[in-house]
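Atoms considered below: every heavy atom in the structure, side chains included; atoms not considered: hydrogens, waters and symmetry mates. The structure displayed is predicted, hence computed values, not measured ones.
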Amino acid sequence: MPDLATPLVAWYRANARDLPWRHPGFSAWGTLVSEFMLQQTPVNRVIPHLEAWLARWPTPTALAADPPAEAVRQWANLGYPRRALWLHRAAVEIRDRHGGAVPRDVDDLLALTGIGDYTARAVAVFAYGERHPVVDTNTRRVLARAVDGRAHPSAPSRRDLVDMAALLPEDAADAAEFDAAAMELGATVCTARAPSCEACPIARQCAWRAAGYPDTGDTRRRQARYEGSDRQARGVVLKQLRDAAAHAIAADRVAADWPDPQQRDRAIDSLVADGLIEAADGLLRLPG
DNA sequence: TATGCGTGGAG
DNA sequence: TCTCCAAGCAT
């Protein structure tokens, strides 16, 4: 297999975007918060929310001291609001189990609510300089193309970690840069749609390019329609509760104009089941 | 392993 | 307009 790390890291050093979490001295807590926010939400939308979040809660202990309702409100329109709840729970766990310090061990990180294979390794590597493969949608696409010669990665698998590990430089600092570089390439050059292969530092090593850019093996699952979905109904209900100046709203006044009353009720029930809202005495409110 | 889960921008 | 996509996670 050709050496991908050397040209990739050289390109990264010259072309990396200036992002807040790449600044020297950025805290491990800041890295953890940024990774939660970046789970399925684009960088440009995350940055202002991240800065506001860290200004309000500079440490896990500070967040843990406030009720989860405040986390859900501060999350605003970032999407997937369960992440706000999970981040709050993780902050409580960090306070109670780790003395308020974000752990650096991958297994300790994996044990925190809302942290999976990606986030655990991203924090261990980018905040602490540990040596691990970091696998996300970008690195999976870059490897699918450069190594496997396919336009799209196959379904996510534990094998992805092994494949990424096989390319990792020995030195931990080099490995961390390689992880970041593979992600950055996927985010800015080797993109899902219309990749900029003319600007790619590993075009000469790319199996997909060598094969003539075949468009085969697409196993992506289609996203369900959003308009009129349960997800949209949940979003309307939660937004109303987030924006409410009053502490609580009468249940029958929430999303009162939603066209399908059964779907509205289902949305409320599922939000309660998720712990994103609480229902009592005919009132709905964010979780205290 | 497959599915449900928000929101907004780009093409 | 409408489809695709965005540093995933829990179940």
>> According to salt bridge (Lys or Arg N to Asp or Glu O under 4.0 Å), who are the partners of A:Asp148, at least two apart in sequence or on a separate chain?
In response: none
> Using a heavy-atom distance cut-off of less than 4.0 Å, which residues of residues 233-266 of chain A contact DNA chain C?
Replying inline: none
> What residues form a salt bridge (Lys or Arg N to Asp or Glu O under 4.0 Å) with A:Arg221, not counting sequence neighbours?
Replying inline: none
> Would you say the side chain of A:Arg231 and the base of B:dG4 hold a donor-acceptor pair, judged only by whether the two atoms sit under 3.5 Å apart?
Replying inline: no
>> Counting the atoms with a prime plus P, OP1 and OP2 as sugar-phosphate, which does A:Asp117 contact under 4.0 Å by heavy atoms, base, sugar-phosphate, or nothing?
In response: sugar-phosphate
> Quantified in whole Å, what is the P atom distance between nucleotide B:dA10 and nucleotide C:dA7?
Replying inline: 15 Å
> Given C:dT3, C:dA10, C:dG8, which nucleotide is nearest the side-chain atoms of A:Trp86?
Replying inline: C:dA10
> Who are the ring-ring contact (aromatic ring centres under 6.0 Å, His included) partners of A:Trp29, not counting sequence neighbours?
Replying inline: none
> Which is true for A:Gln232 with a 4.0 Å heavy-atom rule: it touches a base, it touches only sugar-phosphate, or it touches nothing?
Replying inline: nothing
> With distance as the sole criterion, do the side chain of A:Arg193 and the base of C:dC5 form a donor-acceptor contact below 3.5 Å?
Replying inline: no
> Excluding sequence neighbours, so at least two apart, what forms salt bridge (Lys or Arg N to Asp or Glu O under 4.0 Å) with A:Glu35?
Replying inline: none
> So which of residues 36-53 of chain A are in contact with DNA chain C, with a heavy-atom cut-off of under 4.0 Å?
Replying inline: A:Leu38, A:Gln39, A:Gln40, A:Pro42
